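What you see is a predicted model, and the numbers here were worked out from it, not measured in a lab. In what follows, chains carry the letters A, B, and so on, assigned in the order in which the sequence lines appear, proteins first and then strands, with residues in each chain numbered from 1.
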There are 2 protein chains.
Amino acid sequence: MPETLMRDVAELTVPGMLQNSVSYQIRLLQIASYKSFEQQMSSHGSAPRYFGLLKIVEANPGIPQTRLAEAIYLDRSSLVPILETLTREGWVERKKSTTDKRVRRVFLTKAGAENLARLEDEVTAHETMVTADLTPAEKATLLDLLARVDKTLRANFGGAS
Amino acid sequence: MPETLMRDVAELTVPGMLQNSVSYQIRLLQIASYKSFEQQMSSHGSAPRYFGLLKIVEANPGIPQTRLAEAIYLDRSSLVPILETLTREGWVERKKSTTDKRVRRVFLTKAGAENLARLEDEVTAHETMVTADLTPAEKATLLDLLARVDKTLRANFGGAS
DNA sequence: TATTGTTATACTCTATAACTATA
DNA sequence: TATAGTTATAGAGTATAACAATA
């Protein structure tokens with residue numbers, strides 16, 4: 001025992017039921033993965049945590065706020081402070097729709113698009129680290145199995161909202 | 001288009017980078033899975049969200065609070081209000097250690113152990129729903145791949161705390 | 001009547017720092 | 001000095017309900 005401390009409980013017993021639960025393991029893994037992601041992102045302000053959102057805006061320029069909220073399974077009211085932050089930090093801008101004056105369309109700014117490319121390199125590096133022990137075939141299998149579970153869940157369970 | 005509304009953006013484009021990211025898909029899936037879990041649990045007070053904790057206490061009777069916090073990757077201070085709730089609801093009890101008077105040992109109460117068995121049936125039913133589209137072999141593969149990603153993450157990244 | 005974006009509000013979850021009592 | 005548990009506190013992150021403007 002090098003520098004580990006003597007613990008009161010000799011060894012933690014992890015119940016088999018938890019180790020064999022997809023829901024539970026997904027939950028633990030997501031927590032660990034997200035923590036490491038946030039710590040590995042050096043800067044870029046608050047953008048890293050909204051990387052998925054920014055990529056969706058990039059791929060769907062001018063998307064209305066409510067569509068964007070649905071795309072990331074958030075209530076539209078929850079998106080408002082996020083867009084305010086990303087606007088303040090210069091990542092996105094909102095423009096009133098000319099055809100429907102209720103709608104505000106979300107775009108990346110020029111600087112936002114450029115910085116997103118740099119941020120993407122870091123995100124890719126993290127993903128590479130996370131999947132370093134998987135062969136490409138194994139990674140493809142994992143993504144396929146996750147997608148099938150997701151499909152089952154959303155079929156049995158509305159919009160997940 | 002039966003009852004779907006006309007949307008402003010014809011079709012949402014999901015960037016390939018997100019669809020091919022294990023981190024991102026794990027994150028989305030965890031959110032959907034946890035929401036459906038919480039809604040499917042009929043009652044049992046606040047115990048369902050602490051099911052994992054309760055199973056660990058069951059498998060490690062008398063575990064000190066700090067060990068328990070580590071087991072679920074929480075700060076020990078975050079565990080305090082959780083144990084207060086679970087104590088108030090009759091699931092667990094804390095007893096001062098006789099050998100180290102700083103330590104409080106956590107146990108399931110008799111009622112807690114009995115109710116946990118019933119709660120477990122519901123948790124199992126949810127897990128069955130989630131994995132309904134997977135063969136046993138596929139589920140085993142998924143758990144194996146998740147465990148390997150988790151191992152990589154924790155190797156590159158301390159205690160995840 | 002219904003939808004979009006917004007605001008006000010509250011709730012949950014978590015961490016940090018400082019404290020106490022013990023070791 | 002270090003550890004176990006606690007408290008006070010603050011910061012994310014999210015949802016609900018109600019509102020004004022517009023459809």
Side-chain angles (χ1 to χ4, degrees), chain A residues 3-9 27-28 30-32 34-35 37-39 45-50 52-53 62-87 92-106 158-161, chain B residues 3-9 27-28 30-32 34-35 37-39 45-50 52-53 62-87 92-106 158-161:
Chain A
E3 45 178 30
T4 4
L5 301 182
M6 275 299 281
R7 290 299 160 76
D8 189 75
V9 166
R27 182 161 174 74
L28 283 192
Q30 194 278 322
I31 292 170
Y34 194 64
K35 280 183 182 165
F37 175 76
E38 290 232 294
Q39 291 184 34
S46 44
R49 74 178 48 141
Y50 304 123
L53 182 157
I63 186 173
Q65 289 187 199
T66 298
R67 298 305 136 249
L68 180 54
E70 290 168 354
I72 55 179
Y73 306 106
L74 276 189
D75 190 88
R76 67 191 196 276
S77 69
S78 303
L79 185 62
V80 174
I82 295 171
L83 290 180
E84 274 165 7
T85 299
L86 291 173
T87 299
V92 303
E93 59 190 336
R94 283 170 286 185
K95 296 177 186 167
K96 291 209 121 147
S97 167
T98 51
T99 55
D100 183 339
K101 286 197 281 198
R102 296 170 302 181
V103 168
R104 298 182 76 178
R105 303 179 168 286
V106 185
S161 77
Chain B
E3 45 176 34
T4 3
L5 301 182
M6 276 298 278
R7 291 298 161 77
D8 190 75
V9 167
R27 183 162 173 73
L28 283 192
Q30 194 277 321
I31 293 169
Y34 194 64
K35 279 183 182 165
F37 175 76
E38 290 230 297
Q39 291 184 33
S46 43
R49 76 179 46 145
Y50 304 123
L53 181 158
I63 187 173
Q65 288 187 202
T66 298
R67 297 306 135 249
L68 180 54
E70 289 169 355
I72 55 179
Y73 306 105
L74 276 189
D75 189 88
R76 66 191 197 279
S77 68
S78 303
L79 186 61
V80 174
I82 295 171
L83 290 180
E84 274 164 5
T85 299
L86 291 173
T87 299
V92 304
E93 58 190 336
R94 285 172 286 185
K95 297 178 186 168
K96 293 209 120 149
S97 166
T98 50
T99 56
D100 182 339
K101 286 197 282 197
R102 295 171 303 182
V103 169
R104 299 182 75 179
R105 303 179 168 284
V106 185
S161 78

*Figure out the CG/P separation between B/L83 and D/dT6, and round it to whole Å.*
8 Å

*Taking OP1 and OP2 of C/dC13, is either one under 4.0 Å from a side-chain nitrogen or oxygen of B/S78?*
no

*Can you tell me if the side-chain N/O atoms of B/Q65 get under 4.0 Å from OP1 or OP2 in D/dT3?*
no

*Nucleotide D/dG5, atom C1' - distance to CG of B/D100 in whole Å*: 11 Å

*When the distance from CG of A/L79 to C1' of C/dG5 is rounded to whole Å, what number comes out?*
10 Å

*To the nearest angstrom, how far is B/D75 atom CG from D/dA10 atom C1'?*
14 Å

*asked:* If we ignore hydrogens and angles and just use 3.5 Å, is the side chain of A/S78 paired with the main-chain N or O of A/L74 as donor and acceptor?
replied: no

*Let me know the distance between CG of B/L86 and C1' of C/dT12, rounded to the nearest Å.*
15 Å

*Base, sugar-phosphate, or nothing: which does A/E38 touch, judged by heavy atoms less than 4.0 Å apart?*
nothing

*Kindly indicate whether the side chain of A/R76 and the base of C/dG5 share any N or O donor-acceptor pair separated by less than 3.5 Å?*
yes

_Toward the 5' end of DNA chain D, by each residue's nearest nucleotide, A/T98 or A/Y50_ = A/Y50

*Between C/dC13 and B/R49, is there an OP1 or OP2 to side-chain N/O distance shorter than 4.0 Å?*
yes

*Let me know the distance between CZ of B/R104 and C1' of D/dT6, rounded to the nearest Å.*
9 Å

*Counting side-chain heavy atoms from C-beta on, which of C/dA23, D/dA4, D/dA15 comes nearest to B/K101?*
C/dA23

*Take the protein atom CZ of B/R102 and the nucleotide atom C1' of C/dT22, then report the distance between them rounded to whole Å.*
6 Å

*Contact under 4.0 Å: B/K35 side-chain N or O vs D/dA15 OP1/OP2*: yes

_Does any part of the side chain of A/E38, heavy atoms only, come nearer than 4.5 Å to the side chain of A/R49, both counted from C-beta?_
yes

*Within this structure, what is the CG-to-C1' distance between B/L74 and D/dA4, rounded to whole angstrom?*
16 Å

*Does the base of D/dA4 carry an N or O that pairs as donor and acceptor with the side chain of B/T66 under 3.5 Å?*
no

_Is there, by distance only and without an angle test, a donor paired with an acceptor across the side chain of A/S77 and the base of D/dT14 below 3.5 Å?_
no

